[in-house]
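Let me begin by presenting the structure, written as structure tokens, before commenting on it.
In the text below, chain A, chain B and the rest are named by the order of the sequence lines, each starting its count at 1.
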Amino acid sequence: MNAVDKALLPRLALRLISGNHACALAAVAAGCRFFAGYPITPSSEIAERLSRLLPEVDGVFVQMEDEIASIAAVIGASMGGVKALTATSGPGFSLKQENIGYAAGAEIPCVIVNVMRGGPSTGMPTRPAQGDIMQSRWGSHGDYPIIVLAPASVREIYSETLRAFDLAETCRTPVVLLYDQVIAQLTETVELVAAEGIRAERKWASGAREAYQPYASDGGAIPAMSRPGAGYRVHTTGLNHAENGFPTQDPETVARNLGRLLGKFEHHRDAIDSWQAIGCEDAEVVIVAIGISARAATRAIELARAGGLRLGLFRPITLWPFPEDALRAAAKHARAVLVPEMNAGQLSLEVERILGSKRVHAIHRYNGEPITPAEIAARAAAVLKEKAT
Amino acid sequence: MGAAYETIYFKADACDGCNECMSACARAKAQSDDQLQSRIQIVPSGEGFELALCRQCGDPECVLNCPAGALAKNAGSGVIAWDGSKCVNCLLCTVGCAYGGIAYDAQAGHVIKCDMCAGDPACVKVCTTGALKHVKTARIYNEVGNLEDLFAPGLSGCQGCNTELIMRHTLRRIGPDVVVATPPGCIPGMGSVGYNGLTGTKVPVFHPLLTNTASMLAGVRRHYKRMGRDVMAVALAGDGGTADVGFQSLSGAAERGEEILYICVDNEGYMNTGMQRSGCTPYGAWTSTTPVGERAHGKTQDAKNLPLLMVMHNCAYVATASTAFMQDLYDKLERAIEAAKTGFAYLHIYSPCTTGWRFPSDQNIEVARKAVETNFVLLWEFNPRDGLQLTHPAENAKPIDEYLEVLGKYRHLDPDQVEHIERTLANNLARIRGFAAAKGTASAEAGRG
């Protein structure tokens, strides 16, 4: 038994905990040993928990002076070789965007939790929203790839936090864990899995030091990182760079390297993609939702089916890159698709892009109140009625 | 509303019976060494002492009893004056007084009583134990009491909130020609936003972001100035939004000499979001992100000395203040308001937090007072012309334990940590004294405004 397991042992098995608490425990279990953050409702519990957990496993907890400093310290720690995490909510997520672009472009693994609250701006700090779906994908400037995971229960926050660290390390990318305030502060039973030491290993450079190219890759499109001090020559920058890491404006080199960056997830979609489909085989209406709206949809399916209306649910667990082939398959036979989401229309845009706008309907709510199962079921029935007339 | 007056306050349990006050009074008023000729009399009573001294009553019996019109209360100063040319030596005045405040002096051959030494009582000046104090807060009551409270009644602060006191007092003095910025924190959370939109301020207020209070205010002030309107730009911000995430904006505004009054209400942490540490949280303090347990023992770093950082910006005015010393706070507020007309003024007010610091809600002013009396908090002010000066004596500070022991956030401290705090306070004092000694030198030339 290693030190990590020993420290966590008394805490294993069934626990009744909040989503944020689950996130903190999972981070430690995933091998995260560095957290830098800044207080912000409704994510502060992650920082508070980790301020106690991380010292127990000889990890580092730092409260920084602001949100920008927090993500920057996380990037620095990750360049040093440690799995690193920061957690925030909407306003802080906005502030972090420039650094998220840096991590994506320089390909530095890290995990960013964004607990969605009302917006825009300061919004409703203690109320849920799902308004950062597009920002989590497109928030930083320029073209870049990013992975966004969208858990819908406390248990899934635990498992997706584990997966977030794995994907960050294996795909050399920032991973955003995106969930709403309800899931964050909801208390549910979770079966904590035993930590088996470090889970996914980063691909480290080996071989001749002279030949090392920090941004050259094999077929998997993920370049090997070099351990600091191992003697490999590295240049890390936010500027567009060539395979050797140094800035370039040569059109051909920029296109080749940026093209490799933008396409790198395509080699790893099996590991990245994750979704849940419930009752889509015979569904007349397929609901597409994430987070607390997906939880309501699960209940809506039961309500509707009891009344003879066949609903199904397609729930992207990996939100970005969107599992579009899976959605096409799930919605193949449905007469309509309904997207309930707590914003003015974001997920529905992506669903329309994939399925075409004819079949796609939506419930858009941005008043801080979750969408109820009854509302989803009623709207699905109404949509079908419209189709019939 | 009736007027209030300055008064001499007697703290019986601090009196050691040295009688120096009586000697001083006799010398000042009768050029005599005879303590019987003193207007103030300290009288042994049981194991302690009692005070016989004119209280300058609002409805004085002595004046009513006097048949000759020799006693009269001065409406301006509140002092009851004795006029020897009218006195008929009937001694009826001494019969009426319940405080032993007026008595017959055999050597002088007439009654004697305290006249407050024209606002500078000789007895108080020689009292070394703090048993006698000249309480001058009457001015606040008389001058400020009639000003409108610009916060509506019924804010949703925690019971015994010190920050509410600061908000109400400062805005009352600043007056209605103001635009107030209250960045995220307790101040808007329980104050300027109010409860369900039904309370809050009676003046224009906006809720900037945590990152940019001083910048948005700079825009506001410059706009009004361009319009030729005399409107103050005031920030009421917490220490997190000031010292941490808002510091870049604050520093820039101070460097540019923006005409802003920036008030930092320092409760030593992010109390509104659940008591996380800030750059102003002191060493050793428990917060929700500086936990206490087997490995951790509270915050491991010292607090950022934010007001001193603002001195280094050479602001038009910088001061520290405490609600336990209201006269001092108002004096500084007035100078800050004046300074903000032509430059950047920064006021750092310590605000004990009953919820986050773990102490009973009726102890707020007491905690604030102890912080100053133990030198945990130093009260001083700075302007580029005169440099820095302490406004509350730092000599004879009480032991730091007296402050630390009343706060739950320090309950876990071990002797090494207390020693660290003592060392920090000594360093802080030495540094401030160093600045005070260098006053009025190079900084005067560089001063703006």
Quick one: pull up CG in B:L210 and CG in A:L95 and give me the separation to the nearest 0.5 Å. 9.0 Å
I'd like a table of the N/O donor-acceptor pairs between chain A and chain B - cut-off under 3.5 Å, distance only.
| residue | atom | partner | partner atom | Å |
| --- | --- | --- | --- | --- |
| A:Y38 | OH | B:Y270 | OH | 2.7 |
| A:E48 | OE2 | B:Q276 | NE2 | 2.6 |
| A:E48 | OE2 | B:S288 | OG | 3.1 |
| A:P55 | O | B:R295 | NH1 | 3.0 |
| A:D58 | OD1 | B:R295 | NH1 | 3.3 |
| A:Q63 | OE1 | B:T289 | OG1 | 2.5 |
| A:Q63 | NE2 | B:R277 | O | 2.3 |
| A:E65 | O | B:V245 | N | 3.1 |

Residues passing the side chain to side chain contact (heavy atoms under 4.5 Å, CB included) test with B:A303, sequence neighbours excluded, are none
Which bit of A:L50 comes within less than 4.5 Å of chain B, counting heavy atoms only: side chain, backbone, both or neither? neither
Should we say atom CZ of A:R365 is surrounded by more than 12 heavy atoms from elsewhere, each under 6.0 Å from it? yes
